[in-house]
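Below is one structure; the comments refer to it alone.
Computation of the quantities below employed the complete heavy-atom set of this structure, encompassing side-chain atoms and omitting hydrogens, waters and symmetry-equivalent molecules. Just so you know, ligand 1 is whichever comes first in the structure, and atom 1 is the first atom listed for that ligand.
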Amino acid sequence: MSSTAGKVIKCRAAVAWEAGKPLVIEEVEVAPPQAMEVRVKILYTSLCHTDVYFWEAKGQTPIFPRIFGHEAGGIVESVGEGVTDLAPGDHVLPVFTGECKECAHCKSEESNMCNLLRINTDRAVMLNDGQSRFSINGKPIYHFVGTSTFSEYTVTHVGCLAKINPLAPLDKVCVLSCGISTGLGATLNVAKPKKGSTVAVFGLGAVGLAAAEGARIAGASRIIGVDLNPSRFEEAKKFGCTEFVNPKDYNKPVQEVLAEMTDGGVDRSVECTGHIDAMISAFECVHDGWGVAVLVGVPHKDAVFKTHPMNLLNERTLKGTFFGNYKPRSDLPSVVEKYMTKELELEKFLTHSVPFSEINKAFDLMLGGEGIRCIINMEE
Ligand code: NAD
Ligand code: ZN
């Protein structure tokens, strides 16, 4: 038992008080974990675009004050009643979507959409009592996707924590808790390209580059990166991209450009932008008869996907996935092992690092389209 178990912990957290305003490092009180909850000391976190969307709250429900952050690695500090498979000292990756291991989804081999713990961006409190575990002077500070990792300590449901190899360096594998696993799994588990096939990846941020990495691992022979930001292209070569298309360079829809480049369409496409136009293009650019498109990006809340039904009748398949179809607790430890055995390289994703006290710099980098992942060191 740690000396802090059962007690309120005072620690630093980066609080978003208002939409789009810089985070403020505050001293927050973190309540002890309740039944089926775990309190985790976060050591490293990184910034994913999903944090930025909800912080900007332009196309999403604004919920403030809130502690964002969902890509992280940490160590269990204490566990609540009923938690049997985690103990203080365990190394964990928090995940924005959980696995209760009991519902129909968790029992299905195909789904990772747990009934109890699937991502819910509008829920800002814990399931157990509908309250937040964070407060400042008694005033609640809201949670984000059940993880809120921009805090030195956080409380999550046990089902949102993957227990990983304690030898895995948390400053590297923390990025597997969202973006990289999402892109990798979208290709390997959902798009499933055959050896020698052609894959288009829309959006060359961390998620898209991980999708390209998945295509490379699967043995695709052509990997076409599509992005509006040409500065992404040089970097994307390291992730197996063989060709690049900037939709801005053409005066016709990018799906037509891709169809011309590939004699009728790509075999697989993976959309990692969150923009509805890119989603539609990603679907319409796959070859009829066998093409499969996978949507990964998180769209604007009012977005509507529009395509002619003939595009589907012509035997194209449209799919979507959360977290690359990985079940967080059952599957994530094996993705960490892929890194440990060097099948998967993570270093090339980690382009920047900042101390926690300068977390807003990570936002500036992402908003400026610079780098891939910025690691935020909670102990600095
Ligand atoms: P990112 O901002 O780093 O990368 C997105 C890239 O898309 C950028 O390089 C941008 O220039 C490009 N882009 C934007 N609009 C485009 C368009 N119309 N055509 C082509 N390229 C375009 O973001 P990221 O962290 O890599 O995340 C990518 C997406 O995946 C986000 O929407 C994020 O919310 C989502 N996401 C989904 C899941 C999931 O489980 N489904 C998990 C994590 C992240
Ligand atoms: Zn479940």
Side-chain angles (χ1 to χ4, degrees), residues 46-54 56 59-60 70-71 95-108 111-119 121 145 157 159-160 175-186 189-190 200-212 224-233 235-236 239 244-249 253-255 258 269-282 285 294-300 303 319-330 349 351 362 365-374:
S46 53
L47 182 63
C48 165
H49 226 139
T50 311
D51 296 306
V52 175
Y53 294 147
F54 285 86
E56 287 179 327
Q60 318 291 352
H70 63 283
E71 207 174 84
V95 184
F96 63 86
T97 187
E99 182 184 355
C100 76
K101 296 198 176 180
E102 280 164 20
C103 71
H105 287 271
C106 288
K107 287 189 171 148
S108 151
S111 174
N112 68 344
M113 299 289 295
C114 173
N115 263 337
L116 183 70
L117 300 167
R118 73 170 63 172
I119 184 171
T121 53
V145 295
H157 191 283
C160 297
V175 293
L176 289 175
S177 98
C178 174
I180 313 301
S181 298
T182 294
L184 191 74
N189 302 334
V190 189
V201 177
F202 284 71
L204 301 172
V207 177
L209 293 173
I224 308 173
V226 182
D227 203 299
L228 300 172
N229 176 357
S231 73
R232 288 281 172 205
F233 296 159
E235 196 128 49
F239 299 83
F244 301 96
V245 174
N246 185 344
K248 285 189 198 157
D249 293 345
V254 67
Q255 49 271 49
L258 288 162
S269 75
V270 187
E271 178 281 328
C272 309
T273 71
H275 287 266
I276 190 66
D277 297 343
M279 293 182 183
I280 294 167
S281 303
C285 79
V294 179
L295 306 186
V296 178
V298 176
H300 188 285
K319 293 182 168 193
T321 176
F322 265 114
F323 199 49
N325 234 50
Y326 288 117
K327 287 181 189 285
R329 293 158 91 185
S330 304
F349 289 96
T351 51
L365 288 165
M366 181 156 277
L367 291 170
E370 261 182 74
I372 307 173
R373 273 300 186 257
C374 178

Indicate whether any N or O donor in one side chain lies under 3.5 Å from an N or O acceptor in the other, for Gln255 and Ser281.
yes
Closest candidate by heavy atom, reference atom 11 (O) of ligand 1, pool Val207, Ile119, Leu204, Asp227
Asp227
N/O to N/O below 3.5 Å, does that happen between Cys178 and ligand 1?
no
Spell out, as yes or no, whether a donor-acceptor pair under 3.5 Å connects the side chain of Thr273 to the backbone of Gly203.
no
Side chains of Cys374 and Leu47: closer than 4.5 Å at any heavy-atom pair?
no
Kindly say whether Cys106 contributes a backbone atom to a donor-acceptor pair with the side chain of Lys101 at under 3.5 angstrom?
no
Look at the side chain of Asp227 and the backbone N and O of Arg232, then say whether any donor-acceptor pair between them is shorter than 3.5 Å.
no
For Val175 versus Ser46, what's the shortest heavy-atom pair and its separation?
CG1-OG, 3.7 Å
Return the residue, atom name and 0.1 Å-rounded distance of the protein heavy atom closest to atom 38 (C) of ligand 1.
Thr182 CG2, 3.5 Å
For ligand 1, which part of Arg373 has a heavy atom less than 4.0 Å away: the side chain, the backbone, both, or neither?
side chain
Nearest-neighbour protein heavy atom for atom 4 (O) of ligand 1, which is reported as residue plus atom name and distance
Gly205 CA, 3.3 Å
Could you tell me which atoms of ligand 1, counted from 1 in the order shown, lie closer than 4.0 angstrom to a heavy atom of Asn229?
11 (O)
Report, in ascending order of atom number, the atoms of ligand 1 lying under 4.0 Å from any heavy atom of Gly274.
32 (O)
Minimal non-hydrogen separation, Arg373 against Ala206, with atom names:
NH1-CB, 3.3 Å
What's the spacing between Cys103 SG and Met113 CE if we round to 0.5 Å?
10.5 Å
Thr97 contact mode with ligand 1 (heavy-atom cut-off under 4.0 Å):
neither
For Lys248 and Leu228, the nearest pair of non-hydrogen atoms, with its separation, is NZ-O, 3.6 Å
Quick check: does any side chain N or O of Glu99 sit under 3.5 Å from a backbone N or O of Asn112, one acting as donor and the other as acceptor?
no
Counting non-hydrogen protein atoms only, what is the nearest one to atom 1 (P) of ligand 1? Give residue, atom name and distance.
His49 ND1, 3.2 Å
Measuring from the heavy atoms of Val254, does anything fall under 4.0 Å of ligand 1?
no
Mind checking the CD1-CZ spacing from Ile119 to Phe323? Nearest 0.5 Å is all I need.
11.0 Å
Would you indicate whether the side-chain heavy atoms of Val245 and Val254 approach each other to under 4.5 Å?
yes
For Tyr53, atoms of ligand 1 separated by under 4.0 Å from a heavy atom:
31 (C), 32 (O), 34 (O)
Side chain of His157, backbone of Gly159: donor and acceptor closer than 3.5 Å?
yes
Heavy atom of the protein closest to atom 16 (C) of ligand 1 (residue, atom name, distance):
Leu228 CD1, 3.5 Å
SG (Cys100) - the Zn ion (ligand 2) - SG (Cys114) angle, nearest 10°:
100°
Specify the protein heavy atom at minimum distance from atom 7 (O) of ligand 1: its residue, its atom name, and the distance to 0.1 Å.
Gly203 CA, 3.3 Å
For the metal site, I want the angle between atom SG of Cys106 and atom SG of Cys103 with the Zn ion (ligand 2) at the apex, to 10°.
100°
Phe202 to ligand 1: N or O pair under 3.5 Å?
no
Numbered atoms of ligand 1 (with element) below 4.0 Å of Arg232, judged on heavy atoms:
9 (O)
Where ligand 1 meets Phe323 - atom numbers and elements under 4.0 angstrom, heavy-atom basis:
39 (C), 40 (O)
Short N/O distance, under 3.5 Å, between Val296 and ligand 1?
yes
What residue and heavy atom of the protein are closest to atom 30 (O) of ligand 1, and at what distance?
Gly297 CA, 3.7 Å
Quick check on contacts: which atoms of ligand 1 are under 4.0 angstrom from a heavy atom of Phe96?
40 (O)
As an exercise, identify every atom of ligand 1 less than 4.0 angstrom from a heavy atom of Ala278.
17 (C), 18 (N), 19 (N)
Can you name the nearest heavy-atom pair linking His70 to Phe96, along with the distance?
CD2-CD2, 3.9 Å
Shortest non-hydrogen pair, Gly369 vs Asn229, comes out as O-ND2, 4.0 Å
Considering only heavy atoms, which of His275, Glu370, His300, Met279 lies nearest to atom 15 (N) of ligand 1?
His275
For atom 44 (C) of ligand 1, which protein heavy atom lies nearest, and how many Å away is it?
Thr50 OG1, 3.6 Å
Heavy atom to atom 22 (C) of ligand 1, shortest distance: which of Thr273, Val294, Val52, Asp51 holds it?
Thr273
Does any N or O in the side chain of Ser269 come within less than 3.5 Å of the main-chain N or O of Ala200, such that one atom is a donor and the other an acceptor?
no
Using a 4.0 Å cut-off to any heavy atom of Cys272, which atoms of ligand 1 qualify?
5 (C), 28 (C), 29 (C)
Give yes or no for whether the N/O distance cutoff of 3.5 Å, strictly under, is met between Val298 and ligand 1.
yes
